[in-house]
Amino acid sequence: MEQGSFTNRTNTRLESDIDLRVQHPLLHIHTPPGVSLTSAMILGDYRDAGVTYAEVLGRMRDEITSELNRVFGRSNVDATGGKAIKVSGNEGTRSEVDVVPTFTLHHIRTAGLAGVTKDDGVALLSPTGHWTFNYPDQHIANGRAKRLRTGLKFKRIVRSIKRLQSDMEEHGLLRRRVPSFLIECLVYLVEDYHFLVETDDRYMRVKRVLQRISERLNSGLATYMLLEINDIKPLFGGQAWTLEQAQEFVRLALWHLGDD
């Protein structure tokens, strides 16, 4: 299954790689604080599969790597990474591809007399045993809805700010790039009406959106209530980025645009 910027149609020319996930049907059950895993297992009628996730993941990686080697050639496949198996690009014929083995995730919201309520997602297991939970289907659906509500401007602004980051990097303004995923989430936080000011040209619209992002990132404790586009997972806490990095990026972006 496709995922990432390419699938969400927010990729730019400089990030033309494609992310694919191979999703195993083996379930990983996750319960947030306050929800009993034991109760969820019983009420959801979940059963132990009798095999470890590490064993299944090892077989998946071996089989995927073997098939990719057969199709693209061993010299074009790199399976040394902890997360993705990479297939190198070929100028004019194919982009670089990251193939990510995953498990099926059930994120349990509640477990009670009425049974369980859950969100479906994907679970990634690292070689060190660390789990990462993502919700690509919800991300895609919410992004598409936002695009329609903003008169097709949401994803255009995401791409504009991604290109802005590349320009900032060329000018030596950035100590560290922020992930494209984070940029998309930050733009999603901005209320729809900010995209729909009729007197705005694209420059003013990007500036208006960045100013509103800055306000939301500097709203004290409320900042830690912000969610990713999937509307399930907190935007800050445990990810590969921090609130401080997001704040610095937006501050520098506004400065680069000539914000007073």
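Because the structure is predicted, anything quoted here is derived from the model rather than measured.
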- Cluster question for you: counting only ILVMFWY and a side-chain heavy-atom cut-off of under 4.5 Å, with indirect links fine, are Y53 and I64 together? yes

- Message: With heavy-atom distances below 4.5 Å as the criterion, would you say the side chains of L26 and T104 are in contact?
- Response: no

- Item | Whether R205 side chain and D200 backbone form a donor-acceptor pair below 3.5 Å | yes

- Query: If you group Ile, Leu, Val, Met, Phe, Trp and Tyr by side-chain heavy-atom gaps below 4.5 Å, do V122 and Y46 land in one group?
  - Reply: no

- Could you walk me through whether R175 and E248 pass the salt bridge (Lys or Arg N to Asp or Glu O under 4.0 Å) check? CA-CA 10 Å; R175 292 181 296 176; E248 180 183 37; 2.7 Å; yes

- Taking atom types as modelled and ignoring hydrogens, do the side chains of Q138 and E228 form a donor-acceptor contact shorter than 3.5 angstrom? no

- Between CZ of R177 and CD1 of I183, what distance do you get to the nearest 0.5 Å? 7.0 Å

- Message: So, taking the atom named NZ in K118 and the one named CG in L27, what distance separates them when rounded to the nearest 0.5 Å?
- Response: 8.5 Å

- Task: Working to the nearest 0.5 Å, report the span between CD of Q165 and OG of S160.
- Result: 13.5 Å

- Task: Using the side chain to side chain contact (heavy atoms under 4.5 Å, CB included) rule, take V35 and T110 through it: C-alpha gap first, then chi angles, then the decisive distance, then the call.
- Result: CA-CA 6 Å; V35 178; T110 62; 5.7 Å; no

- Query: Is the shortest heavy-atom distance from the side chain of F249 to the side chain of L174 under 4.5 Å?
  - Reply: yes

- Contact summary for L186 and A246, nearest pair of heavy atoms: CD1-CB, 4.4 Å

- Task: Step by step, work out the side chain to side chain contact (heavy atoms under 4.5 Å, CB included) result for H106 and H30.
- Result: CA-CA 6 Å; H106 281 185; H30 175 254; over 6 Å; no

- Give a yes or no on this: more than 12 heavy atoms of other residues, nucleotides or ligands lie within 6.0 Å of atom CZ of R149. yes

- Task: Quick one: pull up CD in E63 and OG1 in T65 and give me the separation to the nearest 0.5 Å.
- Result: 10.0 Å

- Item | For L196 against D192, the heavy-atom pair lying closest together | CG-O, 3.6 Å

- Message: How long is the straight-line distance from CZ of F181 back to CG of N134, given to the nearest 0.5 Å?
- Response: 6.5 Å

- Message: Checking N76 against S88: is there a side-chain donor and acceptor pair closer than 3.5 Å?
- Response: yes

- Item | Plane angle bin for F195 and F154 - parallel if under 30°, tilted between 30 and 60°, otherwise perpendicular | perpendicular

- Search all heavy atoms of G143 against all heavy atoms of I229 and return the closest pair with its distance. N-CG2, 4.0 Å

- Output yes when a side-chain donor or acceptor of D48 lies under 3.5 Å from a complementary backbone atom of G50, and no otherwise. yes

- Task: Measure across R21 and P136 and return the closest heavy-atom pair with its distance rounded to 0.1 Å.
- Result: NH1-CG, 3.4 Å

- Message: As an exercise, state the distance from CD of E191 to CG of L189, rounded to the nearest 0.5 Å.
- Response: 8.5 Å

- side chain to side chain contact (heavy atoms under 4.5 Å, CB included) assessment of R163 paired with D167: CA-CA 6 Å; R163 287 191 290 266; D167 189 61; over 6 Å; no

- For the side chain of Q23 and the backbone of P101, is there at least one donor-acceptor N/O pair under 3.5 Å apart? no

- Message: Quick check: closest heavy atoms across K146 and Y188, and the distance to 0.1 Å?
- Response: NZ-O, 3.2 Å

- Message: Is there a continuous path of hydrophobic side-chain contacts, each under 4.5 Å between heavy atoms, that joins F103 to I29?
- Response: no

- Message: If hydrophobic clusters are built by linking Ile, Leu, Val, Met, Phe, Trp and Tyr wherever their side-chain heavy atoms come under 4.5 Å apart, do V56 and F133 end up in the same one?
- Response: yes

- Would you say I213 and L227 are hydrophobically clustered, going by side-chain heavy atoms of ILVMFWY under 4.5 Å? no

- Message: Could you report the tightest heavy-atom contact between I232 and N230, atom names first, then the distance?
- Response: N-OD1, 2.8 Å

- Query: Considering the options K162, R159, H139, which one meets the side chain to side chain donor-acceptor pair (under 3.5 Å) requirement together with E184?
  - Reply: H139

- Query: Between H107 and Y135, how do the two ring planes meet: parallel, tilted or perpendicular, split at 30° and 60°?
  - Reply: perpendicular

- Item | Stepwise ring pair (Phe, Tyr, Trp, His ring centres under 6.0 Å) test for H171 and H256 | CA-CA 9 Å; H171 284 79; H256 191 49; 5.2 Å; yes

